[in-house]
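In what follows, a single structure is set out as structure tokens and then discussed.
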Amino acid sequence: MTSEKTTATEALKTLNAGVPLCDATAIFEITDNGDWYYRAGQLPLKFSKLFASILHRVEGGYYLITPVEKLKVNVETEALVIVDYDAKQAGTFEVISSIGTEHELASFDGFTVTDDKITLQLERGLVAKLNRASFYRFINEFIA
């Protein structure tokens, strides 16, 4: 069963890797506070969450990638804003974004702390940042 899943995953990566960019102009934008826009109109939360499931960061750029198309996304700072996290006893972290997506980090090493923000690496190359409340909570729990 595991080999079938690995084969399917690798097949999807192969399909996505060769997908041409549909247009050099970005029609999607993610603002600094994590709001998603399509052609300057704000997307409803359910669509933002749906599109986030196919969002990838490739060579520093963000794209929505399906097996047949690739669309550029302008990201103001980070792709996702983390509004809550839960540190597990095993050393892993579960995080929740402002649009309701859930992600797991394997360890504390996934966080990068600077003077003005805390970012974390997620799946598909995505970079997220902690919102202000989570930032201060993280500092109090792990840095101070």
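What's counted below: heavy atoms across the whole structure, side chains too, no hydrogens, waters or symmetry copies.
- Rounding to the nearest 0.5 Å places CG of Leu80 at 6.0 Å from CG of Leu126.
- Taking the six-membered ring for Trp and the full ring otherwise, the centers of Phe47 and Tyr38 sit at least 6.0 Å from each other.
- Atom CG in Leu130 sits 6.0 Å away from atom CG in Leu120 (nearest 0.5 Å).
- Between Val73 and Ile30, the closest side-chain pair of non-hydrogen atoms falls below 4.5 Å.
- Under the 4.5 Å side-chain heavy-atom criterion for Ile, Leu, Val, Met, Phe, Trp and Tyr, Val83 and Val75 are members of distinct hydrophobic clusters.
- Each salt bridge (charged side-chain N to carboxylate O under 4.0 Å, His left out) pair with one or both residues in residues 135-144, not counting sequence neighbours, appears once here: Asp84-Arg137, Arg137-Glu141.
- Hydrophobic clustering keeps Val81 apart from Leu45 (ILVMFWY residues linked when any side-chain heavy atoms are closer than 4.5 Å, directly or through intermediates).
- A search for salt bridge (charged side-chain N to carboxylate O under 4.0 Å, His left out) contacts involving Asp116 returns nothing, not counting sequence neighbours.
- Residues satisfying the side-chain hydrogen bond (donor to acceptor under 3.5 Å, both in side chains) test with Thr92, not counting sequence neighbours, are none.
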Please tabulate, for the side chains in residues 99-109, all donor-acceptor contacts under 3.5 angstrom to protein atoms that are two or more places apart in sequence or on a different chain.
{"from": "Thr101", "atom 1": "OG1", "to": "Ser97", "atom 2": "OG", "distance (Å)": "2.6"}
{"from": "Thr101", "atom 1": "OG1", "to": "His103", "atom 2": "NE2", "distance (Å)": "2.8"}
{"from": "His103", "atom 1": "ND1", "to": "Glu123", "atom 2": "OE1", "distance (Å)": "3.2"}
{"from": "His103", "atom 1": "ND1", "to": "Glu123", "atom 2": "OE2", "distance (Å)": "2.5"}
{"from": "Ser107", "atom 1": "OG", "to": "Asp109", "atom 2": "N", "distance (Å)": "3.2"}

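- Residues forming a side-chain hydrogen bond (donor to acceptor under 3.5 Å, both in side chains) with Lys117 (at least two apart in sequence, or on another chain): Glu78.
- Across all non-hydrogen atoms, the minimal contact from Ser48 to Trp36 is OG-CB, 3.2 Å.
- Residues satisfying the ring-ring contact (aromatic ring centres under 6.0 Å, His included) test with Tyr85, not counting sequence neighbours, are Phe138.
- For the ring-ring contact (aromatic ring centres under 6.0 Å, His included) with Phe111, the qualifying choice from Phe93, Phe135, Phe142 is Phe93, the only one to do so.
- In terms of the side-chain hydrogen bond (donor to acceptor under 3.5 Å, both in side chains) criterion, Lys46 has no residue partners (sequence neighbours excluded).
- To the nearest 0.5 Å, atoms OG (Ser134) and CD1 (Ile118) are separated by 9.0 Å.
- Remark: Ser53 engages no residue in a side-chain hydrogen bond (donor to acceptor under 3.5 Å, both in side chains) (not counting sequence neighbours).
- In this structure, Val127 is a member of the same hydrophobic cluster as Leu64, with clusters built from ILVMFWY side-chain heavy atoms closer than 4.5 Å.
- Every side chain to side chain contact (heavy atoms under 4.5 Å, CB included) that Val58 has, sequence neighbours left out, goes to His56, Tyr63, Ile65.
- The list of salt bridge (charged side-chain N to carboxylate O under 4.0 Å, His left out) pairs with a residue in residues 26-40, not counting sequence neighbours, reads Asp32-Lys129.
- The only option from Tyr62, Tyr37, Phe51 that meets the ring-ring contact (aromatic ring centres under 6.0 Å, His included) definition with Phe28 turns out to be Phe51.
- With rounding to the nearest 0.5 Å, the separation of CG in Leu55 from CG in Leu50 is 11.5 Å.
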